[in-house]
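The structure appears right after this line, and notes come after that.
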Amino acid sequence: MPVEGVKSLDDIYDLGRRYLQEHPDAPQRLKEMSDQLTTDDVCTLIYTSGTTGTPKGVLLAHRGLIMNVVEIKESPDKSWTKALSWLPMCHIYERMMGYLYQWLCFTIAYAESIAKVGDNCKEIRPNMLACVPRFIEKVYDKIYRKGEKLKGVKKKIFDWAVDLAFRYDLDESKLSCWYMLQKRIADKLVYAEIRESMGGELGMLVSGGATIQPRLTRFFSCVGLNLYEGYGITECSPLIAVTNSDKKGRKIGSVGFAMREIEVRIDKDTSEIQCRGGNVMKGYYGQPELTAQAIDSEGWFHTGDTGYFDPDGYLFITGRTKSMFKTSMGKFINPEVIEEKMKQSAFILDMMVVGAEQKFAAAVIAPDFDMLKDWCVRHRVKADTREAMIADKTVIARYQKVIDKYNAELGDTERIKRFVLVAEQWTEANKFLTPTQKLIRRNVAAAYKEQIENLFK
């Protein structure tokens, strides 16, 4: 269907025909240029997200992107034909997924905006969707809020189905016949409707950019929206490890196995993940000194992420070396582990743990105001604005209960002793989050400098 002001594919074909008429030697020139290319040549220049400093231009070769696509091309079902794309194409994660879709001859639909991804899923009915943990968390929170509004028997059935999903195991052979019978019943009563809300044909959610809460992997996989994880970094085209659709291809909490054609090791002193192989960048554009800092003399790229391999070869991510801080008591704290645990609560949308050179850990918390507003109505808390909600003593006491619950699962030095609620939503627009929804800690710390200082007075 013609779209006013937009060239159709036929228009582009016509442009090509006219160019060939004017430049009959173009095919030969194109062949000569392509014959000179090798997989070691630069394919693209991609900038890092800038979570830990000024964005850097990463020179990626054709070989790295080819390796990525070849590694994961067998996981999608052969019958699938459609994908929805919504992450920025200027970031390597979505760019690589786009190349995968083209390899598989998928039809790629591009979302109108982040806010309309859900609506576009219903319209397009995709088979695959690449996303980030924050997106998965928001989808779950929306499902949870909808369930909270149910009454009577429907509410009990919903709560039972959710609890059942949280006890799911990716290896169904470990589940009892009784559990599987309950799952089939829950599927008809609850899960089918959740799948339909995402288009009804979505068979694979691919999560990257950060680790995801294990309970969400269980939940979405049980529901039938199978959640796959990958781990990578812009400088590695981006994959270093990934789960797959083999029978033992996934494990709860793991980002999967190291890519087959690269080497991955864990530094014995720092637990840093390091890799070497064709996926590693050619260097930072115009910054040879930074390149030498990132890639050592033996070719190992230093990711800045920490993790470990379990006995079965699955890789687990534990945090970032640059995010860790030491308290004045000399104890190291990994804030991301604490944040991910606390964000299991539907009350917390975003959170940043602070406490470098202080006696204890504290936190800045951005509530999920959609959830909090509903809670205030149900508990007759008279607060009409975000500012009023976070200042209300009843609300603060409720958040203290959340903190106390998860503190019980942490070590003494990791526990959050004090916290402050803030009214502003953390977004890409206010530069608190990157386009792939990662926390930019220095910006959050600068914005709430006074509130953070008050936590330690």
Side-chain angles (χ1 to χ4, degrees), residues 84 86 111-126 129 131-168 182-205 207 212-227 340 342-351 365-381 383-384 386 389 395 398-399 401-402 405 425-427 437:
L84 179 65
W86 67 274
E112 297 172 78
S113 67
I114 293 177
K116 290 191 174 182
V117 171
D119 293 336
N120 293 156
C121 275
K122 294 176 183 176
E123 178 185 5
I124 302 301
R125 300 177 73 82
L129 177 67
C131 55
V132 292
R134 184 180 173 86
F135 173 82
I136 297 294
E137 291 161 6
K138 284 189 171 183
V139 171
Y140 171 75
D141 288 343
K142 186 175 181 180
I143 294 168
Y144 179 85
R145 287 196 300 272
K146 185 176 180 180
E148 283 291 286
K149 295 177 182 179
L150 298 174
K151 304 292 183 183
V153 175
K154 288 185 177 180
K155 177 69 164 59
K156 290 182 178 179
I157 292 174
F158 176 84
D159 289 345
W160 163 75
V162 168
D163 178 69
L164 189 72
F166 283 150
R167 292 187 281 114
Y168 181 70
Q182 292 181 88
K183 181 177 178 294
R184 285 194 289 273
I185 296 170
D187 191 84
K188 292 183 179 296
L189 298 177
V190 179
Y191 303 158
E193 184 178 343
I194 294 174
R195 290 197 300 275
E196 194 59 35
S197 71
M198 297 293 288
E201 297 179 18
L202 190 59
M204 180 183 285
L205 287 166
S207 179
I212 198 163
Q213 298 170 17
R215 69 185 188 122
L216 295 183
T217 302
R218 295 182 189 277
F219 177 84
F220 282 96
S221 296
C222 181
V223 164
L225 301 171
N226 289 298
L227 188 56
E340 287 306 308
M342 298 280 180
K343 283 168 63 179
Q344 291 182 43
S345 168
F347 284 92
I348 299 177
L349 182 59
D350 283 302
M351 176 179 184
I365 297 173
D368 184 325
F369 283 102
D370 290 333
M371 172 68 185
L372 184 54
K373 185 177 180 180
D374 290 342
W375 185 87
C376 287
V377 170
R378 293 198 308 273
H379 292 80
R380 299 179 183 179
V381 174
D384 298 327
R386 291 183 175 185
M389 279 186 254
V395 170
R398 183 65 185 86
Y399 274 82
K401 287 182 67 176
V402 171
K405 174 185 176 181
Q425 187 175 2
W426 301 358
T427 65
Q437 308 299 289

Does the side chain of [Y] come within less than 4.5 Å of [X]'s, by heavy atoms?
X	Y	value
E340	E137	yes
K343	D350	yes
F135	L129	yes
D370	D141	no

Once you round to the nearest 0.5 Å, how far does [atom1] of [X] lie from [atom2] of [Y]?
X	Y	atom1	atom2	result
F220	M198	CZ	CE	7.0 Å
Y140	Q213	OH	CD	9.5 Å
L164	F219	CG	CZ	10.5 Å
R195	E201	CZ	CD	12.0 Å
T217	F166	OG1	CZ	11.0 Å
E148	R145	CD	CZ	10.5 Å

Of the non-hydrogen atoms in [X] and [Y], which two are nearest, and what is the gap between them?
X	Y	value
I212	S207	CD1-OG, 3.9 Å
L216	L227	O-CD2, 3.9 Å
C376	V395	SG-CG2, 3.9 Å
A165	C222	CA-SG, 3.7 Å
S197	K122	O-CE, 3.4 Å
L84	A111	CD1-N, 3.9 Å

Checking the side chain of [X] only, and the main-chain atoms of [Y] only, is there a donor and an acceptor separated by less than 3.5 Å?
X	Y	answer
Y144	M371	no
Y191	A161	yes
R218	Y168	yes

Original post:
Can you tell me if NZ on K405 sees more than 12 non-hydrogen neighbours from other groups inside 6.0 Å?
Top reply: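 Atom NZ in K405 is not crowded, with 12 or fewer foreign heavy atoms closer than 6.0 Å.
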Original post:
Would you call R167 and D163 a salt bridge, taking side-chain N to carboxylate O under 4.0 Å as the test?
Top reply: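 Yes, this pair counts.
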Subject >> Distance-only donor-acceptor check, side chains Q182 and W160, under 3.5 Å >> reply: yes
Subject >> Residue pair R378, D374: steps toward the salt bridge (charged side-chain N to carboxylate O under 4.0 Å, His left out) verdict >> reply: CA-CA 6 Å; R378 293 198 308 273; D374 290 342; 5.3 Å; no
Subject >> Derivation and outcome, side-chain contact (heavy atoms from CB on, under 4.5 Å), residues K156 and L150 >> reply: CA-CA 9 Å; K156 290 182 178 179; L150 298 174; over 6 Å; no
